Number of protein chains: 2
Amino acid sequence: MIKLRDLEYLTAIDKYKHFGKAAQSCFVSQPTLSGQLMKLEEQLGLQLVERHRRNVMLTPAGEQLVKEARKVLQAAGHFESCAKALLDPFAGDLHLGLIPTLAPYLLPHIMADLNTSLPNINFFLHENQTKILLQQLDEGKLDVLILPYLADMDKFESYKLFDEPLMLATPKSHRLANKKELSLSDLHGEKILTLADGHCLKDQAMGYCFSAGAKEDNSFQATSLETLRHMVASGMGITLLPALAAQGNLASDTIQYGKFQSPVPVRGISLVIRPNYSRMQCVRSIVASVRKSLSRIIT
Amino acid sequence: MIKLRDLEYLTAIDKYKHFGKAAQSCFVSQPTLSGQLMKLEEQLGLQLVERHRRNVMLTPAGEQLVKEARKVLQAAGHFESCAKALLDPFAGDLHLGLIPTLAPYLLPHIMADLNTSLPNINFFLHENQTKILLQQLDEGKLDVLILPYLADMDKFESYKLFDEPLMLATPKSHRLANKKELSLSDLHGEKILTLADGHCLKDQAMGYCFSAGAKEDNSFQATSLETLRHMVASGMGITLLPALAAQGNLASDTIQYGKFQSPVPVRGISLVIRPNYSRMQCVRSIVASVRKSLSRIIT
DNA sequence: ACTTAATCATAGCTAAAGCCTATCAATTAA
DNA sequence: TTAATTGATAGGCTTTAGCTATGATTAAGT
């Protein structure tokens, strides 16, 4: 295998036509350059340099190979400068995965801050259900997920970002619409509208509801939170909505959003990465940025 | 300095996503590849590979640098294949220098054979006076000279090709035109037309003439053998012409070419190269080819 | 749950290679 | 003839790329 150093020696000889000066330019002794060049010639099986006391010159083969050598060294130099440019741990592309019940409500609150604190990171956003996100994270297609951390994700590493309260969404006409001091136990006997299977929010929300004695309304399953919200708005039933989705008074004329008193049902939103993920500095910045953004919103 | 071997390891990891298999493809042990890759990462200051038991993947930086690495390796490969192509000692360009009193008369006799015996050599022909040719040979602008070898060329290496007799060129009307058993001493008292200074033929021819008691006609100096021939043809005088220039019966209706009896005046034509010239095999072929070509012409 | 297999990292060693200083040999210039 | 220049040679030192053996961790199978 050719060595890059030898190619440097060769180009230096071509430049200086003098072993001593060429060696000096390579910061080695003259015997070193002399010896290595001879080895290279032996290795290639052809003479590259014509040696005379007064006059060193390249053979035709040497001339031609110097051109090739320069190309190789140029490519190697590009490799190194490329590596140097990549040294900035706060630069490059980053693929961020979020679940559908979080992305549209969270992103408006965090992206501005993220782009400010990590100006050289290009965020690519991916919206999918938990299972798919985890698989893509594992495959390396995604770098970072933001989703509720569950026990079965213990092969990954997670950083808690915030707890998102679940709020009760009711039609204005509903009996719970104007109740103060709302508690989970108030759900007893209610039928709850839910999302379709696969959305982790469904499992979490129904977990709270079951334990409170409420039941799932099996007559319909919404494919998105917005569908769910519209169903509540049109009086079809009640549901639990994450705080961020309830915020902003969407359909506030027809829907009442109620806060639960303690124990407040929440879903814990975490940032999830592969263990050994290479850009930990970046991850720490993201965690800090999102926490800061959220602290202004979730009390 | 980056090492090409490390770049091979990196691309192998990219290909196999598996240290053991990548190492096998590079014909090294797994710990070797593992260690070298870690060194590379440390050297660049950035992580290239995300290591998991089940799943090895490149970091974004790694992905990008693998592309650069491939370019470097491709250039290196081209260097080596280029070297292999140059291995053939009987291929490539060769710059051949000849003097003006030889080139037009010798080349027709030798080029066909040279091109046959060295089909992959591209001969570039250069016609100049001895002094210039020697300087260009020394500078490496020329590879091989064909000219009369003189004592002051002892810093070069020479191979005798043939002895070219010098013939007497006279107008048909000249007193020596029809003389049989021509001898140098017959030149006694004659005035000899000569070439301009700088042509080595002038010095050689006049050397023979002086020692025979002839003198130089200072009224004119020809700049080429053809001019000289025309001057003889038009009755302006006599001169010595090299046999190859006299051959072919040029202007044979007006000029008589006479052979000298022994001692025959000759100029010894040699092939001259730099000592240590890299393509000796080629030189030997040229010498052999020219000698063979000439043996058919000069008796 | 325990065992086995797979896989990458670590430790310790060896051999080769690159580099150095000192010196030689050959040439050129004074 | 002498001194200076220049590339090659000799011998030794240090680094490093490579190996084998082993450890640690995870995935999978019984």
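Lettering of chains follows the sequences in order, A, B, ..., and the numbering in each one begins at 1. Source: prediction; values computed, not measured.
Here R5(B) reaches the OP1 or OP2 of dG18(D): one of its side-chain N or O atoms lies under 4.0 Å away. Close to dC8(C), at under 4.0 Å from its OP1 or OP2, lies no side-chain N or O of H52(B). A close approach under 4.0 Å does occur between a side-chain nitrogen or oxygen of Y9(B) and OP1 or OP2 of dG18(D). At the phosphate of dC20(C), OP1 or OP2 sits under 4.0 Å from a side-chain N or O atom of T32(A). Residue S29(A) places at least one side-chain N or O under 4.0 Å from the OP1 or OP2 atom of dC20(C). OP1 or OP2 of dA8(D) lies within a sub-4.0 Å distance of a side-chain N or O belonging to R51(A).
With rounding to whole Å, L33(A) atom CG is found 16 Å from dT21(C) atom C1'. Distance H18(A) NE2 to dA8(D) C1': 14 Å, rounded to the nearest Å. Taking atom CG of L37(B) as the reference point, atom C1' of dT7(C) lies 15 Å away to the nearest angstrom. In this structure, NZ of K39(A) is placed 9 Å from P of dC19(C), rounded to the nearest angstrom. Counting to the nearest Å, the P atom of dC8(C) and the CD atom of Q36(B) are 17 Å from each other. Rounded to an integer number of Å, the gap from N55(A) CG to dG7(D) P is 10 Å. The distance from atom OH of Y16(B) to atom C1' of dA6(C) is 19 Å, rounded to the nearest whole Å. Computed from coordinates, the M1(B) CE to dT16(D) C1' distance equals 16 Å when rounded to whole Å.
With hydrogens and angles disregarded, no donor-acceptor distance shorter than 3.5 Å links the side chain of N128(A) to the backbone of G97(A). Checking side-chain atoms of Y277(A) against main-chain N and O of E50(B) turns up no donor-acceptor pair under 3.5 Å.
The side chain of M38(A) has dT9(D) as its nearest neighbour among dA17(C), dC8(C), dT9(D). Comparing dC19(C), dG7(D), dC8(C) by their nearest atom to the side chain of V28(A) picks out dC19(C).
Look at K17(A) and D14(A) and you find a salt bridge, because one of the NZ, NE, NH1 or NH2 atoms lies within 4.0 Å of a carboxylate O, short of that distance. The existence of a salt bridge linking D138(B) and K141(B) is excluded, since no basic side-chain nitrogen approaches an acidic carboxylate oxygen closer than 4.0 Å. K39(A) and E42(A) are not joined by a salt bridge, as no carboxylate oxygen comes within less than 4.0 angstrom of a charged side-chain nitrogen.
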Identify all pairs in which a protein N or O lies below 3.5 Å from an N or O of nucleotides 23-30 of chain C, and state each distance.
none

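Aromatic ring pairs are classed by plane angle as parallel below 30°, tilted from 30° to 60° and perpendicular above 60°; the pair H95(A) and F124(A) is parallel.
Side-chain contact, E139(A) with Q135(A): a donor N or O sits under 3.5 Å from an acceptor N or O.
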